[in-house]
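Data first, discussion second: the structure below is written as structure tokens.
Keep in mind that what you see is a predicted model, and the values were worked out from it rather than measured. In what follows, every heavy atom counts, from backbone to side chain, and hydrogens, waters and symmetry copies are set aside. Chain A is the first sequence line, chain B the second, and so forth, proteins listed ahead of strands; every chain is numbered from 1.
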There are 2 protein chains.
Amino acid sequence: MGIDDFRLARFLPYRLAVLSERISRRLSTIYGAEAGLSVAEWRVMVHLARCHEVSVREIHECVNLDKSRVSRAVTRLETVGLVQKTGSLTDQRLLSISLTEDGWSLLDRILPPAVAYEKRLLAALSDADCAALDEIMEKLHRVMDDDPEARPRSTLDLPGAAE
Amino acid sequence: MGIDDFRLARFLPYRLAVLSERISRRLSTIYGAEAGLSVAEWRVMVHLARCHEVSVREIHECVNLDKSRVSRAVTRLETVGLVQKTGSLTDQRLLSISLTEDGWSLLDRILPPAVAYEKRLLAALSDADCAALDEIMEKLHRVMDDDPEARPRSTLDLPGAAE
DNA sequence: GTGTTATCGTTGCAGGTGCAACAAAAGTCA
DNA sequence: TGACTTTTGTTGCACCTGCAACGATAACAC
């Protein structure tokens with residue numbers, strides 16, 4: 001293939017990036033409109049909804065965010081009053097981060113429309129499509145799992161992760 | 001569904017973002033190692049390989065980059081000598097951007113391994129998988145095409161685009 | 001022609017981001 | 001105990017990014 005026969009629009013990494021970014025951007029108009037949440041802040045909040053008391057490191061490992069990104073997101077969420085930081089009693093290094101009342105109430109408002117939008121996306125797919133997509137994404141991940149130069153996958157993104 | 005039953009790891013937008021970012025990041029070690037190209041610069045370069053003389057706006061429309069991002073990428077590529085800017089003769093507003101000799105020769109080196117990595121990804125998928133993925137991505141895009149709040153799709157990312 | 005509008009590329013700005021360096025705390029091992 | 005290593009969260013820095021505003025040019029309406 002000649003150099004100038006390469007077509008970006010057919011290049012899988014590009015196509016995934018474009019689709020993903022388009023969806024993320026649309027979604028952020030939902031959870032961003034209400035409270036100006038960034039992607040990082042959104043991920044931290046929904047993770048806290050599930051794992052009520054966690055440290056920065058745990059969030060970092062679970063939601064695919066750099067630890068400094070988590071740290072700054074938590075700091076900002078705290079100043080806005082959506083999250084509270086408490087020092088752990090047993091280990092002075094750890095923080096115990098959790099949602100405040102305001103945090104829960106905000107999630108009450110923004111999570112349903114976000115889930116509804118995902119439903120809207122999924123409604124365009126058949127059951128077979130969904131199964132195929134799961135399988136395909138897992139196959140692509142496994143290529144990178146076997147690639148020492150690729151960044152490892154987060155714990156919770158592995159297919160069998162229960163929690 | 002209760003608020004705290006929500007699982008980020010199963011949320012389609014999140015999963016797409018994680019996969020896409022993982023792949024992009026790995027890929028950027030290929031074209032970034034040789035010349036320190038950013039994603040934007042990479043997209044500009046490969047677009048120029050195909051459409052030899054184009055304006056900032058054309059690039060912006062074709063490769064899903066904000067025009068200011070294109071402008072800055074082109075500026076940097078020019079200072080590094082990979083790209084040349086010429087004012088159009090017919091329309092003084094337009095720029096005519098093209099690869100230099102160095103630009104072509106860099107692409108000669110980085111495009112093959114990038115394509116090889118895509119092949120490596122695709123090798124994990126069956127023909128049926130590939131067809132399914134095409135169809136699924138197109139279906140998801142169409143949901144957003146029908147959504148006035150979503151950002152419109154780039155011309156060249158439409159399925160039938162010839163060039 | 002003239003005044004208005006649209007297009008093109010750049011830039012200022014505020015904010016996000018990754019990476020490495022860092023201090024504090026905990027763990028380890030002799 | 002005391003020296004060393006590891007872990008945890010924060011921060012400094014350089015860079016990237018999106019958005020809006022801008023000046024310059026072209027197109028348009030009349």
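- Screening residues 113-123 of chain A for salt bridge (Lys or Arg N to Asp or Glu O under 4.0 Å) gives Arg120(A)-Asp147(B) as the qualifying pairs, with residues at least two apart or on separate chains.
- Leu94(B) places its CG atom 14 Å from the C1' atom of dT10(C), with the value rounded to the nearest Å.
- Pairs engaging residues 11-21 of chain A under the side chain to side chain donor-acceptor pair (under 3.5 Å) rule: Tyr14(A)-Asn64(B), Tyr14(A)-Asp157(B), Arg15(A)-Asp134(B) [sequence neighbours left out].
- Counting only heavy atoms from C-beta outward, the side chains of Phe11(B) and Leu27(A) approach each other to under 4.5 Å.
- When the C1' atom of dT11(D) is taken as reference, atom CG of Asp66(A) falls 12 Å away, rounded to whole Å.
- Here the side chains of His141(B) and Arg22(A) are in contact, with some heavy-atom distance below 4.5 Å.
- Nucleotide dT17(D) holds its C1' atom 7 Å from the CZ atom of Arg69(B), rounded to whole Å.
- A rotation axis mapping the C1' atoms of four pairs onto the next four is fitted at both ends of the helix from dG1(C)-dC30(D) to dA30(C)-dT1(D) over five pairs, and the angle between these axes is 20° to 10 degrees.
- Near DNA chain C, meaning a heavy atom under 4.0 Å away, the residues from residues 81-91 of chain A are Thr90(A), Asp91(A).
- Rounded to a whole Å, the CZ atom of Arg43(A) is 15 Å from the P atom of dG16(C).
- Between Arg57(A) and dT8(D) there is a side-chain N or O to OP1 or OP2 distance below 4.0 Å.
- Applying the salt bridge (charged side-chain N to carboxylate O under 4.0 Å, His left out) test to Arg151(B) and every residue at least two apart in sequence or in another chain returns nothing.
- Two residues are said to be in side-chain contact when any heavy atoms from C-beta on lie closer than 4.5 Å; Leu82(B) and Arg76(B) fail this criterion.
- Taking a 4.0 Å limit (strictly below) on heavy-atom distances, residues 19-39 of chain A does not reach DNA chain C anywhere.
- Here CG of Leu95(B) is found 11.0 Å from CD of Glu58(B). Values are rounded to the nearest 0.5 Å.
- Side-chain contact between Lys67(B) and Arg57(B) is absent, with no heavy-atom pair separated by less than 4.5 Å.
- Atoms CG (Leu65(B)) and P (dT17(D)) sit 8 Å apart, rounded to a whole Å.
- One can place NE2 of His60(A) at 12 Å from P of dT7(D), the figure rounded to the nearest angstrom.
- The side chain of Ser68(A) contributes no N or O atom lying less than 4.0 Å from OP1 or OP2 of dT11(D).
- Distance NZ (Lys67(B)) to C1' (dG18(D)): 12 Å, rounded to an integer number of Å.
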Step-by-step side-chain contact (heavy atoms from CB on, under 4.5 Å) determination, Ile30(A) to Arg26(A): CA-CA 7 Å; Ile30(A) 293 175; Arg26(A) 173 62 179 92; 3.6 Å; yes
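- Under the 3.5 Å distance criterion, with hydrogens and angles disregarded, no donor-acceptor pair is assigned to the side chains of Ser105(B) and Asp102(B).
- For Arg93(A) and dT7(D), a side-chain-to-base donor-acceptor distance below 3.5 Å is present, hydrogens and geometry of angles not being considered.
- Judged purely by distance below 3.5 Å, without hydrogens or angles, the side chains of Ser96(B) and Glu53(B) pair a donor atom with an acceptor atom.
- For the pair Ser71(B) and dT10(C), the criterion of a side-chain N or O lying under 4.0 Å from OP1 or OP2 is met.
- Put simply, the side chain of Arg72(A) and the base of dG18(C) share a donor and an acceptor less than 3.5 Å apart.
- More than 12 non-hydrogen atoms from other residues, nucleotides or ligands lie less than 6.0 angstrom from CG of Asp146(A).
- Counting to the nearest Å, the C1' atom of dC15(D) and the CD atom of Glu41(B) are 11 Å from each other.
- For Arg76(B), no side-chain nitrogen or oxygen approaches OP1 or OP2 of dT10(C) to under 4.0 Å.
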